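For reference, the structure discussed in these notes is given below.
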Amino acid sequence: MGIATLTPSQDPGNRRLHRDSDVSYDFNRTQKNKNTEYHLGQLKAKLAKYRQQLLEPATKSSKPGEGFDVMKSGDARIVMIGFPSVGKSTLLSKTTKTESATAAYEFTTLTAIPGVLEYQGTRIQLLDLPGIVEGASAGRGRGRQVVSVAKTADLVLMVLDATKSLEQRRLLEYELEAVGIRLNKKRPDVQIKKKKTGGVTINCPVELTMTDQRTLRSILQEYKIHNADVMIREDISADDFIDCVLGNRKYMNCVYAYNKIDGVSLEEVNRLAHQPHTVPISCEMDLNLDYLIERMWEQLDLLKIYTKRRGTHPDLNDPVCMRKGATIEHVCHSIHRSLAESFKYAIVWGKSSKFNPQPQKVSFTHRVANEDVVTIVA
Ligand SMILES: Nc1nc2c(ncn2[C@@H]2O[C@H](COP(=O)(O)OP(=O)(O)OP(=O)(O)O)[C@@H](O)[C@H]2O)c(=O)[nH]1
Ligand SMILES: [K+]
Ligand SMILES: [Mg+2]
């Protein structure tokens, strides 16, 4: 039992505390941990602020055209991130009709090269990029350009060399995290509403096991937020909270592809295959590439929308693919450019219909759900 449940009225004079040395020891330790966590929380808030300042001038001064300006095309974009010579270009050449130069030396690829993956009736842009090096996010090599292109993707494909040290994955994750990308993580359920006066109120119906309100308040103070209503609906850490205060984090899905498994033991392949979001492949020997594409497609989380002309059956063979959060307006645009102009209303059947299984008449701003059937009335 936690000592915190004892109130003075339940235990006058704290007799139990004095008699039970184990408990008092625990109490001290908990107190000490709490202080450590508090100071660590403050330190992290300062660090995050400092990093942000480091990143800002570069983002502002970068002129259009300085990055890799490749037009987005197709239903979604996947960006390949990896160290030099792990096989990114080989993978692009194997899975798309685009040839990207490959060679045994590092930095063969010096710019962004787009290819198109065709899968399940969808066209997905796969972007080959230069390899990045440690310190990329701080400006080494073309690292900053590469990691900023990563932000434009719907999915990050981290390409790793199965014959190299396992450290490489953590190093790459660090580079992406440094520019505000969070991989395979949901945006924490936290709302911060700034006010003019009234101080800080923290509403938290769940128990916080990784941090406490004192730490969260000090983080707000660090960012000069002195008046705000904060609503926390899940057990977050101090880092999560800093992410929410900064508000510019990008939460992205990521698939880890370990290439060159032709050079490692079966045990190693087995171990890699059991890690979350991980697919072992060999580009050279054409191993597991189909499965990689299947897994990436799943992680893209696209919505399939079936269109139906009035008085006919829906066309189940040719869905329109949309990103999560898409509205009827997006559906119109992807059917035909001019459809949005003559739009009157739409009828939806499926999960997004308020009357499901009955249809609903909706407007431009209605959000569609996966496998909805939509009729556009123009
Ligand atoms: N053994 C083995 N070698 C591979 C495999 N895939 C690629 N390679 C080799 O790895 C080397 C680098 O491949 P690239 O595709 O140029 O690698 P990259 O990641 O695009 O490299 P940069 O553009 O320089 O960053 C080439 O010599 C490829 O032949 C594989 O599955 N197994
Ligand atoms: K190479
Ligand atoms: Mg390359």
Side-chain angles (χ1 to χ4, degrees), residues 67-70 77-117 124-153 155-176 179 181 183 254-273 275 278-296:
F68 303 110
D69 280 332
V70 179
R77 169 183 269 188
I78 301 176
V79 162
M80 282 194 266
I81 297 287
F83 286 119
S85 274
V86 293
K88 300 178 293 299
S89 303
T90 312
L91 182 58
L92 185 88
S93 305
K94 285 270 175 175
T95 54
T96 71
K97 294 195 179 90
T98 305
E99 283 293 328
S100 182
T102 66
Y105 57 87
E106 303 199 333
F107 301 109
T108 308
T109 310
L110 293 171
T111 183
I113 307 201
V116 178
L117 274 177
I124 295 154
Q125 185 179 55
L126 182 62
L127 211 53
D128 181 23
L129 288 169
I132 66 171
V133 286
E134 214 178 318
S137 58
R140 275 193 74 197
R142 281 162 193 250
R144 199 177 261 164
Q145 272 168 290
V146 173
V147 286
S148 61
V149 175
K151 278 194 171 176
T152 68
L155 175 74
V156 173
L157 174 61
M158 208 178 267
V159 187
L160 300 145
D161 185 334
T163 65
K164 295 249 169 80
S165 123
L166 296 174
E167 263 278 280
Q168 38 167 356
R169 170 170 161 177
R170 207 190 48 75
L171 290 172
L172 277 178
E173 283 172 337
Y174 176 82
E175 296 299 337
L176 294 182
V179 295
I181 296 175
L183 298 175
C254 173
V255 170
Y256 301 88
Y258 279 88
N259 188 28
K260 309 194 186 183
I261 54 164
D262 46 284
V264 302
S265 68
L266 268 182
E267 284 80 11
E268 184 57 12
V269 172
N270 191 42
R271 203 189 59 76
L272 292 172
Q275 287 182 12
T278 302
V279 184
I281 56 169
S282 167
C283 291
E284 195 135 291
M285 301 188 66
D286 248 317
L287 290 175
N288 227 12
L289 298 183
D290 290 345
Y291 182 57
L292 174 65
I293 294 172
E294 193 182 317
R295 286 286 294 272
M296 291 195 296

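The first residue of the sequence shown is numbered 1, and numbering continues consecutively from there. In each ligand, atom 1 is the first atom listed, and ligand 1 is the first ligand listed. No experiment lies behind these values; they were computed from the predicted model shown.
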For [X] and [Y], indicate whether the former's side chain and the latter's backbone hold a donor-acceptor pair under 3.5 Å.
X    : Y    : value
Q168 : D161 : yes
K88  : T109 : no
N259 : C283 : yes
N288 : P280 : yes
T96  : L117 : no

N, O or S of [X] under 3.4 Å from the K ion (ligand 2):
X    : result
T102 : no
T108 : yes
T109 : no
A103 : yes

task: Measure the shortest side-chain to side-chain distance between I181 and K151 over non-hydrogen atoms and say whether it is less than 4.5 angstrom.
output: yes
For [X], is at least one N or O under 3.5 Å away from an N or O on ligand 1?
X    : result
A101 : no
S85  : yes
F107 : yes
C283 : yes
T102 : no
K88  : yes
P84  : no

How many angstroms lie between [atom1] in [X] and [atom2] in [Y], if you round to the nearest 0.5 Å?
X    : Y    : atom1 : atom2 : result
K94  : E99  : NZ    : CD    : 10.0 Å
E134 : L172 : CD    : CG    : 9.5 Å
I281 : L91  : CD1   : CG    : 5.0 Å
T95  : L292 : OG1   : CG    : 8.0 Å
M80  : L127 : CE    : CG    : 7.5 Å
R295 : T278 : CZ    : OG1   : 7.5 Å

Check ligand 1 against [X] and write out every atom of the ligand that is under 4.0 Å from a heavy-atom position of the residue.
X    : value
Y105 : 24 (O)
G131 : 25 (O)
E106 : 24 (O)
A104 : 27 (O)

Heavy atom of the protein closest to atom 17 (O) of ligand 1 (residue, atom name, distance): G87 N, 3.1 Å
field: Shortest protein heavy-atom distance from atom 29 (O) of ligand 1, along with the residue and atom involved
entry: E284 OE1, 3.4 Å
- line: A student comparing T90, I261, I132, T109 should find that the heavy atom closest to atom 23 (O) of ligand 1 comes from T109
F107 atom CZ, neighbour heavy-atom count above 12 within 6.0 Å: yes
- prompt: Does even one non-hydrogen atom of A103 get within less than 4.0 Å of ligand 1?
  reply: yes
Proximity to ligand 1 by part of [X], non-hydrogen separation under 4.0 Å:
X    : value
N259 : side chain
D262 : side chain
K260 : both

Metal proximity, T102 vs the Mg ion (ligand 3), N/O/S cut-off 2.8 Å: no
task: Flag T109 as yes if one of its N/O/S atoms falls below 2.8 Å of the Mg ion (ligand 3), otherwise no.
output: yes
message: I'd like to know if R170 and E173 make a salt bridge, using a cut-off of under 4.0 Å between side-chain N and carboxylate O.
response: no
statement: Angle subtended at the K ion (ligand 2) by S85 OG and Y105 O, to the nearest 10 degrees, is 70°
- request: Let me know which of I78, V279, I81 forms a side-chain contact (heavy atoms from CB on, under 4.5 Å) with L157.
  value: I78
